Amino acid sequence: MLLVFPSIYACSKTPASITLATTTSTYDSGLLGELIPPFEKEQGVTVKVVAVGSGQALALGERGDADVLLVHDPQAEEDFMAKGLGEVRRRVMYNDFIIVGPPQDPAGIRGLKDAAQALSGIARAGVPFVSRGDNSGTYSKEKALWTKAGITPEGAWYLSAGQGMGETLNLAREKAAYTLSDRATFLSQNKPELEVLVEGDAALQNIYHVIMVKGLSGKEAELARKLMDYFTSAQTQERIASFGVEKYGQRLFFPYPE
């Protein structure tokens, strides 16, 4: 599902505007609401944000419908750069993926440190699992974990939402199902019917990069470079580090610039 937010940012693309295509987690968590307004005020420009899965964001960049991408699908990003579609790619931040599910934990995966082993347990138990099922970085990670587990997920227990993280968590709550989520969206969405059951596996690290789309010129290129510099600046990194701490008692994202 394509999510565009003209209520925050202007719809029309003018010489003083720029389009940022990004994964839904940066919007659903509220992070962009903290980061973008100061940039717009500082630069006197408008940032049009399009929140979709990482795959769709990269596709928007490939079609020339976005100027800057903020995404979290490293392999797809490397493929994008290898095709010559990106001018510059920089690491910005990270957090982690978690496997969440009903407190009763019918598959008995609570506390496992191997995410692939946990998915194997869910498949063996045949209890509901909701997949993003879209072209997102979260879905890419989920597929990689199923591959590591040596399982092709299929059957009535495996549900595909085909939507963003917030909607997927809603469906998991309704079905008393498991799902893979980024930690920031899970905390910000506040789903008390679901608990974090598996975390801490190195394979669950979730890294975000910003990419300037190739082929920009003039004012668009200037603004794109400024937005990239802004995301990796010391001041913005401090905002990323402090975002959500007061409300959730923990960081939702960790600074990780290069």
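All of these numbers come straight from a predicted model, not from anything done at the bench.
Here the side chains of E142 and I99 are not in contact, with every heavy-atom distance at 4.5 Å or above. In this structure the side chain of R225 never reaches within 4.5 angstrom of the side chain of M228, judged on heavy atoms. Here the side chains of K214 and L85 are not in contact, with every heavy-atom distance at 4.5 Å or above. A heavy-atom distance below 4.5 Å is not found between the side chains of Q163 and L171. Inter-residue side-chain proximity for L194 and F186 is flagged as met; some heavy-atom pair is nearer than 4.5 Å. Residues I240 and L35 are in side-chain contact: their nearest non-hydrogen atoms beyond the backbone lie under 4.5 Å apart. For the pair T46 and E40, the minimum side-chain heavy-atom distance is below 4.5 Å.
A chain of hydrophobic side-chain contacts below 4.5 Å, direct or via other Ile, Leu, Val, Met, Phe, Trp or Tyr residues, connects L32 to L187. Both I151 and V127 are assigned to one and the same hydrophobic cluster, defined by single-linkage of ILVMFWY side chains at heavy-atom distances under 4.5 Å. Under the 4.5 Å side-chain heavy-atom criterion for ILVMFWY residues, a single connected hydrophobic cluster contains both V47 and L216. Cluster membership for I207 and F243, using ILVMFWY side-chain heavy atoms within less than 4.5 angstrom, is not shared. Under the 4.5 Å side-chain contact rule for hydrophobic residues, L145 and L112 share a cluster.
We find that E42 and K226 are not joined by a salt bridge, their nearest charged nitrogen and carboxylate oxygen being 4.0 Å or further apart. Using a cutoff of 4.0 Å between basic side-chain nitrogens and carboxylate oxygens, D65 and K48 are not scored as salt-bridged. Ionic pairing of E77 and R89 is present here: one or more N-O contacts between side-chain nitrogen and carboxylate oxygen are shorter than 4.0 angstrom.
No donor-acceptor distance shorter than 3.5 angstrom exists from the side chain of R173 to the backbone of E193, with no hydrogens or angles considered. Formation of a donor-acceptor pair under 3.5 Å by the T185 side chain with backbone atoms of D28 is not found in this model. Remark: side-chain polar atoms of T179 are paired, donor with acceptor, to backbone N or O of V130 under 3.5 angstrom. No donor-acceptor distance shorter than 3.5 angstrom exists from the side chain of K191 to the backbone of G166, with no hydrogens or angles considered. Side chain of E199 to main chain of V100: no donor-acceptor pair is present (N/O by atom type, distance under 3.5 Å, no hydrogens or angles). Counting only distance, with no hydrogens or angles, the side chain of D105 and the backbone of R110 share a donor-acceptor pair below 3.5 Å. Using a distance-only test at 3.5 Å, with no hydrogens or angles considered, no donor-acceptor pair links the side chain of Q56 to the main chain of S136. T147 places a side-chain N or O within donor-acceptor distance of the main-chain N or O of K143, the cut-off being under 3.5 Å. Looking only at distances, a side-chain donor or acceptor of N95 sits under 3.5 Å from a matching main-chain atom of L252. In this structure, the side chain of Q237 engages the main chain of F231 through a donor-acceptor pair within 3.5 Å.
One distance of note links CZ of R183 with OG of S29; it measures 13.5 Å at 0.5 Å rounding. Remark: L180 CG to W146 CH2 distance equals 10.0 Å, nearest 0.5 Å. In this structure, the separation between CE on M93 and CG on L70 is 5.0 Å, given to the nearest 0.5 Å. The line from CG of D114 to OG of S120 is 8.0 Å long, rounded to the nearest 0.5 Å. Separating the CZ atom in F254 from the CD atom in Q205 is a distance of 10.5 Å, to the nearest 0.5 Å. Taking CG of D182 as the reference point, atom CG of L204 lies at 11.5 Å (rounded to 0.5 Å).
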What verdict does the salt bridge (charged side-chain N to carboxylate O under 4.0 Å, His left out) test give for D96 and K141, after you've listed the backbone C-alpha separation in whole Å, the side-chain angles of each residue and the deciding distance to 0.1 Å? CA-CA 11 Å; D96 63 344; K141 173 63 69 176; over 6 Å; no
Walk me through whether L58 and K83 qualify under side-chain contact (heavy atoms from CB on, under 4.5 Å). CA-CA 12 Å; L58 291 164; K83 292 178 186 175; over 6 Å; no
Would you sort out whether V210 and V68 count as a side-chain contact (heavy atoms from CB on, under 4.5 Å), showing the intermediate values? CA-CA 7 Å; V210 62; V68 178; 3.5 Å; yes
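For the pair T232 and R91, the tightest heavy-atom approach, listed with the atom from each and the gap, is CG2-O, 3.8 Å. Scanning both residues, T22 and V49, for their nearest heavy atoms gives CG2-CG1, 3.9 Å. Of all the heavy atoms in R132 and G164, the pair that sits closest is NE-C, 3.5 Å. When every heavy atom of A224 is checked against every heavy atom of D67, the shortest pair comes out as CB-O, 4.5 Å. When all heavy atoms of T138 and M165 are compared, the closest pair comes out as CG2-SD, 4.2 Å. The minimum heavy-atom distance linking A57 with V71 is given by the pair CB-CG1, 3.7 Å.
Between F39 and Y230, the ring planes are tilted. Angles from 30° to 60° get that label.
Within a 6.0 Å radius of NZ in K247, other residues, nucleotides and ligands contribute 12 heavy atoms or fewer. Around CD of Q235, the count of heavy atoms belonging to other residues, nucleotides or ligands within 6.0 Å does not exceed 12. By the 6.0 Å contact criterion, NZ on K175 is open, its count of non-hydrogen atoms from other residues, nucleotides or ligands being 12 or less.
A donor-acceptor pair shorter than 3.5 Å cannot be found between the side chains of E174 and N170. With 3.5 Å as the limit, one finds a donor-acceptor pair spanning the side chains of Y208 and N206. There is no side-chain donor-acceptor pair under 3.5 Å between S131 and Y139. Side-chain atoms of T26 and T23 include no donor-acceptor pair closer than 3.5 Å.
Note: Y178 and F129 fail the aromatic proximity criterion, with ring centroids not under 6.0 Å apart.
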